[in-house]
Amino acid sequence: MAGRLSFANITALAPMVRVGTLPMRLLALDYGADVVYCEELIDIKMAQCRRVENEVLQTVDFVAPDDRVMFRTCEKEKQRVVFQMGTADPERALAVARLVEKDVAAIDVNMGCPKEYSTKGGMGAALLSHPDKIEAILTKLVSGVSVPVTCKIRILPSLEDTLTLARRIEKTGVAAIAVHGRFKDERPRHPVHCDYIGAVARAVAVPVIANGGSLDLVKTHGDIRAFKEAAGASSVMLARAAMWNPSVFRSAGPLPLHDVMIQYLKYALRYDNHAFNSKYCLCQMLRDKVESALGKRVQAAQDNRELSEAMDQLDAFEETQAALDARRDALRGPERPPDRVIALDGDVTTMALKFERREYPPQLTPKMFLLEWSRRQKLEQPTYQTVQRAQDRAFQSTVTVEKRKYRSSLWEKSKKFAEQASAVVCLRVLGIPESHVGRRHKRKTEDDRDGAREKRKKPTAGERQTAGS
Ligand code: FNR
């Protein structure tokens, strides 16, 4: 087993909401960051998540009840990723830390964020006014998890108070203290107070990670050392400089931004990062060029395909999708005979069935059989409701026929297939002989060929609904 993560003499990617998701963290590591912090994740939301091993992406996902992936991580960063949480509650902090501790290298508590979403629950910079709570949270975490615990603070208006707080934090057993050298009310444009960071570094024995130098001190890798020396700290943490160009971590010098953006996109595609999140990060890299032709294309993209197209990387998109599809298919394993067990899931009748396209004649599908059967029985047309889950974008559909619901318990790779699978379940549960209906349907289709032209001209409301469902 690898040793505990050390925070001495490191350069880190700072925690950044929306920016510090998996593609950015992996990119920062590739370019030379030693440690990468995830974006701040709020304990209440994380506490509701379940841990899912995503075999297709080869990631570990922490998935919210609404199927949103709150935190995605992978083996490649396991020894280097710090999970930063927003918390004001020791018990909840511990519950969340325990949920993620096997998948991350350390746990950090945000005590420096002055933004309302963080401070309103008493989290972030609001904690700085409650040292007892800071102590309670950190003590609980340090004694309750097996990975190192750190925290990130801002400086207090008086140097003495800052040092007193830092010493108190050190006593809880944290592995490091990150110090953003600004007061709570100072904005990112204000100069960083290296003298405060240096004083904290001298006052405690644990490594101090200097932060706040992106705007005027750190432009390239060479400046990292200068910032570290100016702040007299063991380590450095970069936020904006890395957000603007993650290759700032590269000792051989930064790379052209366009190349970096393409590498970012490749990670985003490989790990199925949400397109809007990728778009946001790419726009941060573009900065004042966000209104350029490329910037406008990136901003207009609505999904990963369009984003790839905007960056002239459609081939990379297709290749990645093909590789992920192949993996998905391989994981499904050899074909199993269909599971005939009928089960009830609430008011929905389910079977574990897949839609196998080749089992049906070219122009015929289970949906068509079901529609035809419903018409002959003078029933309302079947309606389909489909949901997509976040972790692998798979679909599941429920069909309603005569006020009864049917669904396959297996998820499909497209909405179309999911609807077909639900139709198969309905046909099998109701015992409708598919091939028989199919023949009837085929004959009817041939007989009604002339009528079809008429129909196409003026679809009924029901037909319009079917086409779009
Ligand atoms: C931040 N920062 C921040 N800090 C934190 O502890 N948790 C977080 O989630 C965030 N989110 C965040 C998002 C974005 C877009 C920015 C720019 C900043 C603050 C950040 O980690 C850092 O403390 C400051 O940006 C100062 O460091 P730099 O930018 O001068 O290197």
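Note that the structure is a prediction, hence the values are computed from the model and not measured. As the structure lists them, so they are numbered: ligands from 1, and atoms in each ligand from 1. What you see below is based on every heavy atom in this structure, not just the backbone, and it leaves out hydrogens, waters and symmetry mates.
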Side chains of [X] and [Y] only: does a donor on one sit below 3.5 Å from an acceptor on the other?
X    : Y    : answer
N245 : S247 : yes
R240 : S214 : no
T150 : D108 : yes

Identity and separation of the nearest protein heavy atom to [atom]:
atom                    : answer
atom 11 (N) of ligand 1 : V17 N, 2.9 Å
atom 31 (O) of ligand 1 : S214 OG, 2.6 Å
atom 16 (C) of ligand 1 : M16 CG, 3.8 Å
atom 15 (C) of ligand 1 : M243 SD, 4.0 Å
atom 25 (O) of ligand 1 : A239 CB, 3.4 Å

Discussion item. Can you tell me which portion of R18 lies within the under-4.0 Å heavy-atom range of ligand 1? Options are side chain, backbone, both, or neither.
Written reply: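 R18 to ligand 1: no contact under 4.0 Å from either part.
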
Within the side chain of [X], is there an N or O that forms a donor-acceptor pair under 3.5 Å with the backbone of [Y]?
X    : Y    : result
D223 : T220 : yes
E135 : T172 : no
R80  : V36  : no
E170 : A205 : yes

Flag [X] as yes when one of its N or O atoms lies below 3.5 Å from any N or O atom of ligand 1, and as no otherwise.
X    : value
V19  : no
N211 : yes
P15  : yes

For the pair H193 and F183, evaluate ring pair (Phe, Tyr, Trp, His ring centres under 6.0 Å) and give the outcome as yes or no after the intermediate values. CA-CA 9 Å; H193 301 273; F183 304 118; 4.7 Å; yes

F83/Y37 under ring pair (Phe, Tyr, Trp, His ring centres under 6.0 Å): CA gap, chis, key distance, verdict | CA-CA 6 Å; F83 178 89; Y37 283 64; over 10 Å; no

Check: Atoms of ligand 1 less than 4.0 Å from Q84 heavy atoms?
Finding: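 Reading through ligand 1 atom by atom, the close ones are 5 (C), 6 (O), 7 (N), 8 (C), 9 (O).
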
query = With a cut-off of 4.0 Å, which atoms of ligand 1 are near a heavy atom of A14?
reply =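 The atoms of ligand 1 under 4.0 Å from a heavy atom of A14 are 21 (O).
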
For this session: Assess G112 for proximity to ligand 1: is some non-hydrogen atom of it under 4.0 Å away?
Result: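 No; G112 lies far enough from ligand 1 that no heavy-atom distance drops under 4.0 Å.
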
Q. Has G213 got any heavy atom lying under 4.0 angstrom from an atom of ligand 1?
A.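 G213: in contact with ligand 1 (<4.0 Å).
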
**Q.** Among Q284, R240, K152, H180, closest by any non-hydrogen atom to atom 19 (C) of ligand 1
**A.**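 Among Q284, R240, K152, H180, the closest heavy atom to atom 19 (C) of ligand 1 comes from K152.
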
